[in-house]
Amino acid sequence: VPEIGCLSIIVLGASGDLAKKKTFPALFHLYCQGFLPPNEVHIFGYARTKISDDELRNRIRGYLVSERSASPSKDVSKFLQLIKYVSGSYDAAEGFQMLDKEISKHETSKNSLEGSSRRLFYLALPPSVYPSVCRMIRRYSMNKSNLGGWTRIVVEKPFGRDLGSAEELSSQIGELFDEPQIYRIDHYLGKELVQNLLVLRFANRFFLPLWNRDNIDNVQIVFREDFGTEGRGGYFDEYGIIRDIIQNHLLQVLCLVAMEKPVSLKPEHIRDEKVKVLQSVLPIKDEEVVLGQYEGYRDDPTVPDHSNTPTFATVVLRIHNERWEGVPFILKAGKALNSRKAEIRVQFKDVPGDIFKCKKQGRNEFVIRLQPSEAMYMKLMVKQPGLEMSTVQSELDLSYRQRYQGVTIPEAYERLILDTIRGDQQHFVRRDELKAAWEIFTPLLHRIDNGEMKPIPYQAGSRGPAEADELLEKAGYVQTHGY
Ligand code: BG6
């Protein structure tokens with residue numbers, strides 16, 4: 001049943017980077033596609049800086065139209081008119097009372113719909129202020145309408161630094177809002193090919209019998225960026241690559257690759273299965289970890305001279321259950337490498353009784369490229385065309401750009417914000433999921449923080465430390481050729 005009534009979207013931290021680069025552009029694209037009808041929706045920016053409505057609009061204007069989006073620039077001005085700005089602090093009543101007044105004004109003016117009040121608070125803010133902001137919203141700005149409606153809170157990582165701090169943050173927010181009101185964003189869950197994983201696995205007969213330890217030798221989930229921490233050194237140094245990418249983005253992908261079939265597509269059923277995977281991960285062994293730090297990282301003035309923070313890590317996770325016992329899941333992430341890519345590589349075991357003696361040419365491998373240029377391809381052996389009976393490795397290739405020409409793939413944030421409006425928590429991280437994810441990495445993170453494990457230097461623009469390739473090989477990965 002479509003909900004009616006006013007929808008107020010409140011972006012807290014409106015003048016910050018995340019809001020400018022991700023939140024407002026995502027809202028703009030939703031607006032252009034008709035998901036934010038102007039007779040129902042109003043957008044509020046909230047931050048400490050004292051600026052006017054127009055100043056905020058001018059700050060975000062330049063970020064709204066991207067090359068990738070189909071949204072026409074002529075709609076920019078109309079969209080910007082929906083935005084109102086309120087300034088105030090993050091821990092005092094005054095600003096939030098003012099915000100409440102502004103939202104109520106808008107709700108009254110649009111009351112012709114006689115609907116309920118829907119208030120979506122998007123915290124584009126550092127987590128240190130989450131508890132106080134949530135307290136203020138709860139006291140002063142949440143929906144109090146007796147016609148129904150809702151209040152929802154969207155938060156971004158980092159949710160804490162380790163198990164203890166994450167649990168503390170969860171309890172503080174949990175005392176103020178119920179779990180169905182809290183949307184923890186992991187933007188990887190909004191990516192097209194990540195969302196495709198469930199369909200791929202559970203709607204295709206091909207994969208059902210193969211997706212297990214009998215057939216799969218190893219799984220790699222890889223994130224590479226070809227730029228360093230430019231401009232974000234201060235933030236990054238406090239967190240490092242494991243907290244920034246692996247503990248959240250790559251682990252979420254692992255869950256979708258490894259989970260059992262959920263009872264249904266209900267968010268709770270899906271998240272129940274993801275939690276089970278996380279709870280089945282064995283403690284990480286030191287010898288199955290390689291850390292790296294690119295040369296030049298410490299030249300950033302915001303990074304301490306003796307920083308021990310890894311900008312690269314390869315970690316082998318082992319899932320202790322019937323399906324995956326013995327199959328290494330290799331998670332690898334790095335900054336300042338030789339390419340920008342995120343992909344999943346599922347490598348199959350060798351064919352028993354190899355009459356073609358083609359083992360050396362490579363194994364069957366199924367690759368899902370999340371970005372750039374979304375694609376899925378299967379590496380497989382074929383007869384080399386020609387008179388001789390020889391084999392060669394080739395590909396069955398589904399490249400989205402070719403296959404879905406003219407289809408615009410939505411940005412992750414666009415999709416996830418629409419889910420929050422619709423009340424669908426499937427692609428959001430539940431509290432117990434978050435806890436289980438921190439449980440896996442906290443012992444390793446503490447050892448790194450204490451200086452017991454040190455990153456190996458690597459050249460910026462390289463593949464990362466050679467030790468990572470050795471670890472991969474030890475885990476069973478066989479380098480294949482071609483793509
Ligand atoms: C963010 C990290 O969560 O993801 C960044 O904090 C990283 O360090 C970014 O660059 C990568 O996102 P994407 O969508 O470009 O792969």
Side-chain angles (χ1 to χ4, degrees), residues 13 16-23 25-26 29 63 66-69 122-128 154-161 166 183-197 220-254 256 292-294 297 300 302-303 307 309-313 331-344 368-375 400 409-417 427-429 434 437-438 441 445 455 460 464:
D17 240 33
L18 176 69
K20 263 189 327 212
K21 293 186 180 155
K22 301 287 183 192
T23 322
H29 299 315
Y63 292 91
S66 69
E67 263 171 45
R68 189 175 168 142
S69 78
Y122 192 111
L123 275 58
L125 290 168
S128 52
V154 182
V155 286
E156 276 266 353
K157 70 155 223 291
F159 306 110
R161 290 183 48 76
Y183 288 71
R184 295 179 195 86
I185 280 201
D186 182 314
H187 80 280
Y188 265 60
L189 291 177
K191 292 191 186 275
E192 182 66 42
L193 263 62
V194 174
Q195 298 208 335
N196 182 51
L197 284 168
Q220 260 192 88
I221 303 171
V222 183
F223 167 95
R224 328 168 126 261
E225 259 175 2
D226 55 1
F227 49 89
T229 56
E230 288 111 49
R232 294 173 77 225
Y235 151 81
F236 188 88
D237 199 70
E238 268 193 51
Y239 289 93
I241 198 78
I242 296 179
R243 292 184 179 97
D244 191 45
I245 304 286
I246 299 183
Q247 181 269 353
N248 35 66
H249 303 329
L250 301 195
L251 201 54
Q252 284 295 326
V253 173
L254 176 143
L256 295 166
Q293 188 186 74
Y294 67 86
Y297 169 69
D300 180 333
T302 57
V303 171
S307 166
T309 301
T311 59
F312 173 100
L331 307 191
K332 182 161 130 187
K335 299 248 172 203
L337 297 178
N338 55 352
S339 61
R340 175 174 178 261
K341 201 185 266 187
E343 63 185 11
I344 305 164
I368 301 165
R369 191 165 62 224
L370 309 179
Q371 64 191 34
S373 315
E374 291 85 351
Y400 273 43
I409 296 182
E411 288 289 339
Y413 279 94
E414 204 176 316
R415 224 189 278 262
L416 294 174
I417 292 176
H427 304 296
F428 294 82
V429 182
L434 179 65
W438 278 117
F441 283 101
L445 288 166

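In listed order, ligands and their atoms are each counted from 1.
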Under 4.0 Å from one or more heavy atoms of Lys157, ligand 1 contributes atoms 1 (C), 2 (C), 3 (O), 6 (O)
Sequence neighbours excluded, the answer for ring pair (Phe, Tyr, Trp, His ring centres under 6.0 Å) partners of His427 is none
State plainly whether the residues Asp244 and Lys157 are in salt-bridge range, i.e. N to O under 4.0 Å.
yes
A student checking ligand 1 against Lys335 at a 4.0 Å heavy-atom cut-off should list atoms 5 (C), 7 (C), 8 (O), 10 (O)
Asp244 heavy atoms within 4.0 Å reach ligand 1 at atoms 2 (C), 5 (C), 6 (O), 8 (O)
task = Check whether any heavy atom of Arg340 sits under 4.0 Å from an atom of ligand 1.
result = yes
* Carboxylate-amine/guanidinium proximity below 4.0 Å for Arg369 and Glu343 -> no
shortest atom 16 (O) of ligand 1-to-protein heavy-atom contact is with Tyr188 OH, 2.4 Å
Sorted by chain and residue number, the side-chain contact (heavy atoms from CB on, under 4.5 Å) partners of Leu337 (sequence neighbours excluded) come out as Arg224, Phe312, Tyr458
Nearest non-hydrogen protein atom to atom 12 (O) of ligand 1, with distance, is His187 NE2, 3.1 Å
How far apart are the C-alpha atoms of Leu193 and Ile409, what are their side-chain angles, what is the distance that settles it, and do they pass the side-chain contact (heavy atoms from CB on, under 4.5 Å) test?
-> CA-CA 10 Å; Leu193 263 62; Ile409 296 182; 5.7 Å; no
Is the closest heavy-atom distance from Phe236 to ligand 1 below 4.0 Å?
-> no
- [ ] Go through Ile185 and Tyr122 one step at a time and tell me if the side-chain contact (heavy atoms from CB on, under 4.5 Å) criterion holds.
- [x] CA-CA 10 Å; Ile185 280 201; Tyr122 192 111; 3.7 Å; yes
Taking only non-hydrogen atoms of Lys191 and a 4.0 Å limit, the atoms of ligand 1 in range are 13 (P), 14 (O), 16 (O)
For Glu225, the ligand 1 atoms with a heavy-atom partner under 4.0 Å come out as 7 (C), 10 (O), 11 (C)
Is it true that Glu192 and Arg415 have a side-chain N and a carboxylate O under 4.0 angstrom from each other?
yes
